[in-house]
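None of the values given here were measured: they were computed from a predicted structure. Proteins come first, then strands; the chains are lettered A, B, ... in the order of their sequence lines, and each starts at number 1.
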There are 2 protein chains.
Amino acid sequence: MDSKILNLKAKLEVYKAMTGGGNFADCPVRDVIQGISGKWSSLLVMALAEKPYRFGELRRLVPDISQRMLTQTLYDLQRDGYVHREVFPTKPPSVEYSLTDLGRSMSGPMHQLVQWAELNHDAVRDARAAFDART
Amino acid sequence: MDSKILNLKAKLEVYKAMTGGGNFADCPVRDVIQGISGKWSSLLVMALAEKPYRFGELRRLVPDISQRMLTQTLYDLQRDGYVHREVFPTKPPSVEYSLTDLGRSMSGPMHQLVQWAELNHDAVRDARAAFDART
DNA sequence: GTTGGCGGTCTCAAAAAGAGACCAGCACTA
DNA sequence: TAGTGCTGGTCTCTTTTTGAGACCGCCAAC
């Protein structure tokens, strides 16, 4: 058996996987996923799915986020159309963040994932401990 | 109306949200979510959900991942129990990566999210363009 | 008049990610 | 027999991202 043939076979498999199977490389799905797979994005979306929050409330709700990252992440979520930002002209102007329709429709599948994490976090913790012990 | 009372009210709301509503701050769900919300994790999990892959195959399948990040991400996924790594003692030793049962059970909810992204990526793209035009 | 909350921006250090050289071992080729 | 390529990585260096914290004007309450 020639190695060139094996090589070609592998390349065909890869091509099939890229076009028919998954479209992993250049497809816009990656853009979307990367937009919501940041360290804080999912957390803020889950928070806002419950109810609208103000800037300072979110800051207290997620104690270990820096003000800079809260600003930045909310900006990105707003840019991608998940979050609506409304400024109320009160004496100290207050700003409310809420989910848009797009954000609400996305929070469904994301909630599924969070629920999975809720159910299986001990399995993950065990796997991690076992792996570390094996090392 | 006293501002202290308003303040207390806000704090109670936040407390309620943290304990009853979502447990956003210290809960293990965040550990799990952060483990799979990396830039490449979801992509590799979706790839391995299709079928097991070898190191070089994954490298070609995801052309813009660096070798270092592929190694690192696969290591992390293995540590968290999502991925199984098997070395075959062939002439150039080949390594195969596959999903574990835990990984397969997680890939379900994650696939939901990817499907949402597939259906709504144009809406996100439009929102992004509209936001940028507004600026 | 000083303090504290509001919603941020700015700067600087630390951590993470990307680019690319390098490694041993074996198969095939010229 | 020397050269080339594929295997799955590691090591170093540079660039990007993130975190920590100071600072901002404004206004209300004490």
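- The residue A/Tyr97 sits close only to the backbone: its heavy atoms come under 4.0 Å of sugar-phosphate atoms, none of a base.
- If you take OH of A/Tyr53 and P of C/dC6, they are 15 Å apart, rounded to a whole angstrom.
- Counting only distance, with no hydrogens or angles, the side chain of A/Ser37 and the backbone of A/Ile33 share a donor-acceptor pair below 3.5 Å.
- We find that CD of A/Glu86 is positioned 16 Å from C1' of C/dG7, with the value rounded to whole Å.
- When the side-chain nitrogen and oxygen atoms of B/Lys39 are compared with OP1 and OP2 of C/dA16, none of them lie within a distance under 4.0 Å.
- Between B/Phe131 and A/Tyr75, the gap from one ring centroid to the other is short of 6.0 Å.
- Taking the side chain of A/Thr71 as heavy atoms from C-beta on, and the options C/dG8, C/dC6, D/dG8, the nearest nucleotide is C/dG8.
- Distance from the side chain of B/Ser94 is smallest for D/dG8 among the nucleotides D/dT18, C/dG7, D/dG8.
- B/Thr73 places a side-chain N or O within donor-acceptor distance of the main-chain N or O of B/Met69, the cut-off being under 3.5 Å.
- For B/Leu74 and C/dA17, the CG to C1' distance is 16 Å, given to the nearest whole Å.
- Taking the side chain of B/Met69 as heavy atoms from C-beta on, and the options C/dG5, C/dA17, D/dG8, the nearest nucleotide is C/dA17.
- When the P atom of D/dC24 is taken as reference, atom CD of A/Gln67 falls 15 Å away, rounded to whole Å.
- As rounded to whole Å, 16 Å separates atom C1' of D/dT16 from atom CG of B/Asp64.
- Across all strands, A/Gln72 comes closer than 4.0 Å to no nucleic acid atom at all (heavy-atom distances).
- At whole-Å resolution of the value, CG in B/Leu58 and P in D/dG8 are 9 Å apart.
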Step-by-step salt bridge (Lys or Arg N to Asp or Glu O under 4.0 Å) determination, B/Asp76 to B/Arg79: CA-CA 5 Å; B/Asp76 291 347; B/Arg79 193 173 99 98; 5.4 Å; no

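- The side chain of A/Arg60 contributes no N or O atom lying less than 4.0 Å from OP1 or OP2 of C/dG7.
- Counting non-hydrogen atoms under 4.0 angstrom, A/Arg68 reaches a base of the nucleic acid.
- The side chain of B/Lys91 lies closest to C/dA27, out of C/dA27, C/dG18, D/dT18.
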Stepwise salt bridge (Lys or Arg N to Asp or Glu O under 4.0 Å) check, A/Asp64 with A/Arg59: CA-CA 8 Å; A/Asp64 55 343; A/Arg59 208 161 113 68; over 6 Å; no

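- Looking at which nucleotide of DNA chain D each of B/Glu96 and A/Pro93 is closest to, the 5′-most match is held by B/Glu96.
- B/Phe88 places its CZ atom 14 Å from the C1' atom of D/dG8, with the value rounded to the nearest Å.
- Between A/Trp40 and B/Arg54, the residue anchored closer to the 5' end of DNA chain D is B/Arg54, taking for each the nucleotide with the nearest heavy atom.
- Taking atom CD1 on A/Ile65 and atom P on D/dG21, their separation rounds to 15 Å, with Å as the unit.
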